[in-house]
Amino acid sequence: MATGKDEKAITLTQRLGHLKNQRSTWEKHWQDLADFVVPRKADITKKRSQGEKRVERSFDSTAMHSAELLSASLHGMLTNPSTPWFSLRYVNEELDGNDEANEWLQKAEKVLYRAFARSNFQEQIHELYHDLVVFGTGVMFVEEDDEFMLRFSTRHISECYLSENEHGRVDTVYREFQMPARSCINRFGKDKVSQKMLKKAQESPFEFVTIHHAVFFRDDYDKTKFNAENKPIASIYFDADEQIILSESGFDDFPYMCPRFLKSSFEIGYGRSVAMVSLPDIQMLSAMSQTTIKAAQKQVDPPLLVPDDGFMLPIRTVPGGLNFYRSGTRDRLEPLNIGANNPLGLNMEEQRRKAIQSAFYVDQLILSQSPAMTATEVLQRTEEKMRILGPVLGRLQAELLQPLITRCFNILSKNRLFEEAPEFLAQNDIDIEYVSPLAKAQRSTDVQSLLRMVELTQPLAQIDPSVMDYIDMDGMAKHLIKVLAIPAVAIKSDEQVAQLRMEREEQQQAMAEQQQQQQVMETASKAAPMMKAMQPQ
């Protein structure tokens, strides 16, 4: 059992308070977004019980479906589990034609893909995309797993407090979360927790307690020491209420991926989303839908005009109901005509729906096809659709995919899951190349330009063949292989190509010599009768 306050815990608690103050202006905005777009995550400023109804503020689901479509599209276009979405390349391009180097790299890729497939990556990355689309900021924690080597967890934005470095990259994450008291004792030990938590675990073991986790770069990192408390990145669990340290360790690389969908240059830590742009339309559509529902109810079940005398109350409006009135009177029950214009309301609602869908790129993601469209036109429109998301792709590659793949590669390498690399690769760095459908679409312009150049130079070559001297066919082929991300297993190495060309040249030379010999023999055979005729008899 821990006794007394810890100076380090006091410092961490103070820093957490500063981060909470910085984040407070975002929370009301996030709560409104969650209420209308993703109600299942609407626990930011409001705290609801598990299983409680969460859609009481929304009267239209257009924004919910649009957010689901965009997040699913990002998943399919960036990290599709059925197609390769990244490949490894050497920074030194001279190794691209080396069979031994490429073979080791391909095996490393297979190990990475196998680790992603066995882990919970796919379900967690989809949650991250959904947070990006709605809140503008996603937080994913990547850690080692004893069974599957990799474990991913997307954290709710309400738990996380972020700060970034001078380069605009998130380098500090404080997380506030709850866990059962007994689980806290089992994880950190009785000697680490406070007397208050220990008593709670004994009296109410299933009651939740609040725990804090701080991950940040150490300022006092000593490279000469090799222990968990001296890693370049600190990982500290602490109890902010009692101000004690529960555990302290570290990481060799930053374990949190904190991408932002869009980001203002003057805002620190958190990003903005398409849901924020369309929030006025979303709220307006919900209010319109509520009004339209009330108008329809009044028309279907209108209020009644009842005379103040002559009828016996209560008025019965159920089917077959009998209402008694005084004999001889001319008063009748009449419906109140409210003069509602339903078509106008429905048209205005449809305008708001289209504006919301446009903000979520629904009109671009769902390709409308007509029978007159050719396959080439469909392909071009699909690539154009993906290029629209180009700015988003650049930020996600820098803030999500690159640190994610690097972190996973380092974990697998530390556990010696890769084959031992050849000695000549010791000083060669590895780079990441993105080969997802969205990344390929961004590079498709290069392919079209090359093909267009070949198409235009062919007529010129018929006039002057020397025009083709400007085209390096080997360079063009290598560039197309790189841009289209053709797997190395389908491409011959530089040594194999050189060997084939040498064999082809030898065959051509042998055929030329054979033809020359045949011509000599034919000439000799034709000259023999002439020589015989010229000899004296």
Side-chain angles (χ1 to χ4, degrees), residues 1-27 30 41 43-47 131 135 137-144 151-165 170-201 204-220 228-251 254-258 268-270:
M1 180 184 64
T3 58
K5 297 182 179 180
D6 189 284
E7 290 295 331
K8 185 177 292 186
I10 294 175
T11 302
L12 293 175
T13 304
Q14 292 174 348
R15 293 177 180 176
L16 175 62
H18 294 319
L19 293 176
K20 285 186 175 182
N21 290 334
Q22 293 176 3
R23 203 194 75 169
S24 59
T25 54
W26 293 88
E27 294 174 354
W30 290 341
K41 294 188 176 184
D43 290 298
I44 300 171
T45 59
K46 300 176 182 178
K47 299 302 178 183
D131 288 348
F135 303 113
T137 305
V139 180
M140 173 180 278
F141 185 62
V142 183
E143 56 188 330
E144 296 184 39
R151 182 165 67 247
F152 305 86
S153 54
T154 298
R155 306 301 190 185
H156 196 293
I157 191 63
S158 64
E159 298 180 355
C160 302
Y161 302 87
L162 313 179
S163 185
E164 60 187 36
N165 58 20
V170 174
D171 67 342
T172 301
V173 176
Y174 279 65
R175 178 171 168 252
E176 182 178 272
F177 63 100
Q178 292 185 328
M179 60 190 307
R182 64 165 188 165
S183 299
C184 186
I185 302 298
N186 295 334
R187 177 166 183 171
F188 301 110
K190 294 182 179 180
D191 58 332
K192 294 292 184 179
V193 302
S194 64
Q195 175 67 30
K196 180 179 178 181
M197 187 179 297
L198 194 61
K199 182 179 180 180
K200 183 175 292 187
S204 304
F206 300 105
E207 186 175 348
F208 285 95
V209 294
T210 302
I211 303 297
H212 299 83
H213 184 208
V215 177
F216 54 92
F217 283 81
R218 280 192 171 98
D219 296 329
D220 55 349
E229 291 77 12
N230 192 58
K231 295 282 187 179
I233 299 169
S235 173
I236 304 175
Y237 288 89
F238 64 101
D239 186 341
D241 295 332
E242 302 297 323
Q243 295 185 340
I244 58 174
I245 300 295
L246 299 176
S247 71
E248 181 175 0
S249 59
F251 299 100
F254 201 66
Y256 279 102
M257 280 76 247
C258 304
I268 296 177
Y270 307 98

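Residues Val193 and Ile185 come closest through the heavy atom pair CG2-CD1, 3.4 Å. Considering all non-hydrogen atoms of both residues, Arg218 and Ser249 come closest at NH2-O, 3.2 Å. Across every non-hydrogen atom of Val139 and Cys160, the tightest pair is CG1-SG, 3.8 Å. Taking both residues in full, the closest heavy atoms of Ala201 and Ala181 are given as CA-CB, 3.8 Å, listed atom of the first, atom of the second, then distance.
Here the CG-OG distance, from Asp241 to Ser194, works out to 8.5 Å after rounding to the nearest 0.5 Å. For the atom pair CZ of Phe217 and CD1 of Ile233, the computed distance is 4.0 Å after rounding to the nearest 0.5 Å. Atoms OG and NZ, on Ser204 and Lys199 in that order, are 10.5 Å from each other to the nearest 0.5 Å. Tyr161 contributes atom OH, which lies 14.5 Å from atom NE2 of His18 (distance to the nearest 0.5 angstrom). With values rounded to the nearest 0.5 angstrom, Leu16 atom CG is found 9.5 Å from Asn21 atom CG.
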Decide yes or no on salt bridge (Lys or Arg N to Asp or Glu O under 4.0 Å) for Lys196 and Glu207, but give the supporting numbers first.
CA-CA 13 Å; Lys196 180 179 178 181; Glu207 186 175 348; over 6 Å; no
Step by step, would you call Ile236 with Ile245 a side chain to side chain contact (heavy atoms under 4.5 Å, CB included)?
CA-CA 7 Å; Ile236 304 175; Ile245 300 295; 3.7 Å; yes
The test is side chain to side chain contact (heavy atoms under 4.5 Å, CB included); show your working for Thr45 and Trp30 and say whether it passes.
CA-CA 9 Å; Thr45 59; Trp30 290 341; over 6 Å; no
Worked verdict on Ser158 versus Asp43 for side chain to side chain contact (heavy atoms under 4.5 Å, CB included)
CA-CA 7 Å; Ser158 64; Asp43 290 298; 5.5 Å; no
Kindly indicate, with the supporting measurements, whether the criterion ring pair (Phe, Tyr, Trp, His ring centres under 6.0 Å) is fulfilled by Tyr270 and Phe135.
CA-CA 9 Å; Tyr270 307 98; Phe135 303 113; over 10 Å; no
Test side chain to side chain contact (heavy atoms under 4.5 Å, CB included) on Met197 and Ile211; report intermediate values, then the result.
CA-CA 11 Å; Met197 187 179 297; Ile211 303 297; 3.9 Å; yes
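Checked by atom type and distance alone, the side chain of Thr13 pairs as donor or acceptor with a backbone atom of Ala9 at under 3.5 Å.
Residues Tyr237 and Lys192 form no side-chain contact, since every pair of their non-hydrogen atoms from C-beta on lies 4.5 Å or further apart. Between Phe216 and Leu12, some side-chain heavy-atom pair lies under the 4.5 Å cut-off. You'll find the side chain of Leu162 stays beyond 4.5 Å of the side chain of Glu164, heavy atoms only. A 4.5 Å side-chain heavy-atom check between Asp131 and Ile157 finds every atom pair outside the cut-off.
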Which pairs would a plain distance check flag for residues 173-180, meaning a side-chain donor or acceptor within less than 3.5 Å of a matching protein atom at least two apart in sequence or in another chain?
unit_1: Arg175; atom_1: NE; unit_2: Glu159; atom_2: OE1; d: 2.8
unit_1: Arg175; atom_1: NH2; unit_2: Glu159; atom_2: OE1; d: 3.3
unit_1: Glu176; atom_1: OE1; unit_2: Lys20; atom_2: NZ; d: 2.8
unit_1: Glu176; atom_1: OE1; unit_2: His212; atom_2: NE2; d: 2.8

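Applying the side chain to side chain contact (heavy atoms under 4.5 Å, CB included) test to Ile10 and every residue at least two apart in sequence or in another chain returns Lys5, Glu7, Gln14, Gln243.
For Tyr256 and Arg155, the side-chain atoms include no donor-acceptor pair closer than 3.5 Å.
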